[in-house]
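So the structure is just underneath, and the comments pick up after that.
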Amino acid sequence: MHRKSAACFGVLVLCAQFLGGCASPQSIEPIEGHTFIVEDHAKLVVWSAARDALEASGRIENADFEAGEIRGYAGEGFDNVAVLISLRQLYQDEDIYTVAVASRSSVPLRDSQTARDQLVQDIREILEM
């Protein structure tokens with residue numbers, strides 16, 4: 001009887017770790033991901049490219065233009081992704097932006113780099129970089 005209880009307890013612990021280890025789009029810090037610089041584009045153009053790229057490969061959970069954040073799900077496994085668009089510097093009449101894209105798998109022990117890399121590639125293609 002004790003062996004059966006211990007086995008049930010072990011299964012419960014594994015389930016709790018699995019569920020507790022799942023990420024959400026809000027738990028991702030874009031600094032964890034890939035960053036690139038965008039020149040010669042207004043913030044609205046960069047924002048629209050990131051939004052369109054994420055909508056094409058998944059879905060948006062939260063978007064805040066003023067903060068420059070877009071969070072949602074992308075990729076085959078609907079990995080959690082975050083995009084942060086921030087002003088890098090003002091240069092005469094041109095703004096230069098840093099775009100950070102991060103992803104984290106919604107399934108523990110699965111790599112989410114593919115979703116991030118695809119999203120970066122899609123944003124760059126839309127911006128014709």
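Side-chain contact check for H41 versus L127: some heavy-atom pair is nearer than 4.5 Å. Side-chain atoms of L84 and V99, non-hydrogen and from C-beta on, never get closer than 4.5 Å to each other. Here the side chains of I37 and Y97 are not in contact, with every heavy-atom distance at 4.5 Å or above. Within the 4.5 Å cutoff, the side chain of I70 has heavy atoms near those of the W47 side chain. Within the 4.5 Å cutoff, side-chain heavy atoms of V120 are placed close to those of F36. The shortest side-chain heavy-atom distance between L87 and K43 does not fall under the 4.5 Å cut-off. Looking only at side-chain heavy atoms (C-beta outward), F65 and I85 stay at 4.5 Å or farther from each other.
Taken to the nearest 0.5 Å, the CZ atom of R51 stands 7.5 Å off from the CG atom of L44. Separation of atoms CD1 (I123) and OG (S48) is listed at 11.5 Å; rounding is to 0.5 Å. T35 contributes atom OG1, which lies 8.0 Å from atom CZ of R88 (distance to the nearest 0.5 angstrom). In this structure, the separation between CG on L119 and OG on S57 is 5.5 Å, given to the nearest 0.5 Å. In this structure, L54 CG and E61 CD are separated by 10.5 Å, a value rounded to the nearest 0.5 Å. In this structure, CG on D79 lies 11.0 Å from OH on Y73, to the nearest 0.5 angstrom.
I126 and I60 fall into different hydrophobic clusters, where Ile, Leu, Val, Met, Phe, Trp and Tyr residues are linked whenever their side-chain heavy atoms come under 4.5 Å apart, directly or through other members.
When all heavy atoms of R71 and A82 are compared, the pair lying nearest together is NH1-CB, 3.5 Å.
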- prompt: Would Q118 and D122 satisfy side chain to side chain donor-acceptor pair (under 3.5 Å), going step by step from the backbone distance to the final call?
  reply: CA-CA 6 Å; Q118 185 63 53; D122 292 348; 2.8 Å; yes
Open item on the list: V38 vs M129, test: side-chain contact (heavy atoms from CB on, under 4.5 Å). Steps then yes/no.
Closed with: CA-CA 8 Å; V38 177; M129 293 179 67; 4.0 Å; yes
